[in-house]
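Inspection log for the structure reproduced underneath, given as structure tokens.
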Amino acid sequence: MNNYTATNRSGSLFKDKAISFVWQHIWLLISLFIMTLGVALCVRSALGSSVISTIPFVMSLAGNSGQAPGFTIGEYTYIMNFVLVGAQMLVLGRRFEAVQLFQLVIGFFFGFLLDVNMAITSALECSTLPMQLFAQFAGCTILAAGITMEVRCGSITMPGEGFPVALTRVSKLQFAKAKIIVDISLVAIAIVLGYIFFAQWLWHVVGLGTLFAMVYVGLAVKAISPHMKWFDHVLAYRPGFRRYIYGLARFLPK
């Protein structure tokens, strides 16, 4: 009887953890959608995209001009995330944990959802400076809200954050400084690529909006975070009908 009870409890605990994992990652996907909507708006502003999209944006433009493979900005984002994960493996060596390869999955969804949001915002015309400023400000604010949600989901970090974390593990740099170094490096590479492919500084890719995003997004995350307790409650929520929603419990061992 005791063994049966213990087995039953163990099976129930496993089911709860599985459902919790699914619930957590559904909200992670939602947060990635929000983040990529913010990135897409920054791109549409033509004042300068967010840091993470500067290189993919340049490469997608080069692809459109026939100077590089014709991938979308989302597809180039995934390639860049793949490179960032590879860089983590080189930096950490044997200290790189296999679970961190899950960053590639998150990076794939980020790139896919970026293309989705680029399509959604395709009709947005920022033909005037006020409209450009509004799109940039709205994009950065939405991006900050998405980042706040993504961090609270407590899953594997994005490759853009994973690489600075790797640098902090092998050096005495603080994460904030490592993040700044990585961000500046990505922007510098985007500028160089602009000159390589178009022989000019692409101000609509790396411009004042990019600088604004580098400063404002971090401040916005700090401002938004204290008001996100409701999201913690959402993540912790365990609806009594959850097994019927996911249909998962029936496939798990008791």
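Taking both residues in full, the closest heavy atoms of Q136 and F212 are given as CG-CD2, 4.1 Å, listed atom of the first, atom of the second, then distance. Between L41 and A135, the shortest heavy-atom distance links the atoms CB-O, 3.8 Å. Between S60 and I73, the shortest heavy-atom contact is CB-N, 3.8 Å. Scanning both residues, V206 and A190, for their nearest heavy atoms gives CG2-CB, 3.9 Å. The shortest heavy-atom contact between L114 and A40 is CD1-N, 4.1 Å. Of all heavy-atom pairs spanning M80 and P56, the tightest one is SD-CD, 3.9 Å.
Between Y78 and F82, the ring-plane angle classifies as tilted under the 30° and 60° cut-offs.
Side-chain heavy atoms closer than 4.5 Å link hydrophobic residues (I, L, V, M, F, W, Y) into clusters, and following such links, possibly through other members, connects L167 to L186. F71 is connected to I189 through a chain of hydrophobic side-chain contacts under 4.5 Å among Ile, Leu, Val, Met, Phe, Trp and Tyr, so both are in one cluster. Under the 4.5 Å side-chain contact rule for hydrophobic residues, V182 and I184 share a cluster. L84 and V105 fall within a single hydrophobic cluster, where Ile, Leu, Val, Met, Phe, Trp and Tyr side chains are chained together by heavy-atom contacts under 4.5 Å. Both L101 and F112 belong to a single network of hydrophobic side chains, linked directly or stepwise wherever heavy atoms of I, L, V, M, F, W or Y lie under 4.5 Å apart.
Within the 4.5 Å cutoff, the side chain of I55 has no heavy atoms near those of the Y76 side chain. A 4.5 Å side-chain heavy-atom check between M158 and L32 finds at least one atom pair inside the cut-off. Counting heavy atoms from C-beta outward, Q100 and V85 have side chains that stay 4.5 Å or more apart. Side-chain contact check for I120 versus F33: some heavy-atom pair is nearer than 4.5 Å. The side-chain heavy atoms of L113 and L37, taken from C-beta on, include no pair separated by under 4.5 Å. Using a 4.5 Å heavy-atom cutoff, the side chains of H204 and S45 are not in contact. The shortest distance between side-chain heavy atoms of M35 and V39 does not fall below 4.5 Å. Residues D115 and E75 are in side-chain contact: their nearest non-hydrogen atoms beyond the backbone lie under 4.5 Å apart.
Counting heavy-atom neighbours within 6.0 Å of F197 CZ, excluding the residue itself, gives a total above 12. The neighbour count for F102 CZ, taken as heavy atoms of other residues, nucleotides or ligands under 6.0 Å away, is above 12. Applying the 6.0 Å contact sphere to CZ of F96 captures more than 12 heavy atoms from other residues, nucleotides or ligands. Shown here is Q174, whose CD atom has no more than 12 heavy atoms of other residues, nucleotides or ligands within 6.0 Å.
Without hydrogens or angle criteria, T54 side chain to V51 main chain gives a donor-acceptor distance under 3.5 Å. A distance-only check finds a donor-acceptor pair linking the side chain of R44 to the backbone of M118 [under 3.5 Å]. A donor-acceptor pair under 3.5 Å links the side-chain atoms of T210 to the main chain of S49, judged by distance alone.
Atom OG1 of residue T36 and atom CG of residue L143 lie 9.5 Å apart, to the nearest 0.5 angstrom. The SG atom of C42 sits 12.5 Å away from the CD atom of Q132 when rounded to the nearest 0.5 Å. Here the OH-CD1 distance, from Y195 to I191, works out to 8.0 Å after rounding to the nearest 0.5 Å. Here the CZ atom belonging to F175 is positioned 10.0 Å from the CD1 atom belonging to I180, to the nearest 0.5 angstrom. To the nearest 0.5 Å, the span separating CG on L211 from CG on L47 amounts to 12.0 Å. To the nearest 0.5 angstrom, F163 atom CZ is 9.0 Å from L92 atom CG.
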**Request:** Go through L61 and F198 one step at a time and tell me if the side-chain contact (heavy atoms from CB on, under 4.5 Å) criterion holds.
**Result:** CA-CA 10 Å; L61 293 174; F198 302 100; 3.9 Å; yes
**Request:** For the pair S31 and E150, evaluate side-chain hydrogen bond (donor to acceptor under 3.5 Å, both in side chains) and give the outcome as yes or no after the intermediate values.
**Result:** CA-CA 5 Å; S31 69; E150 183 248 340; over 6 Å; no
**Request:** For side-chain contact (heavy atoms from CB on, under 4.5 Å), just list the numbers for N81 and Q103, CA-CA rounded to whole Å, side-chain angles, deciding distance to a tenth of an Å, and then say yes or no.
**Result:** CA-CA 8 Å; N81 286 332; Q103 292 180 44; over 6 Å; no
**Item:** Worked verdict on I34 versus I30 for side-chain contact (heavy atoms from CB on, under 4.5 Å)
**Value:** CA-CA 6 Å; I34 294 173; I30 293 173; 4.2 Å; yes
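For Y216 and F137, the distance between ring centers is under 6.0 angstrom.
For the 3.5 Å distance criterion, the side chains of S127 and E125 fail to qualify, holding no donor opposite an acceptor.
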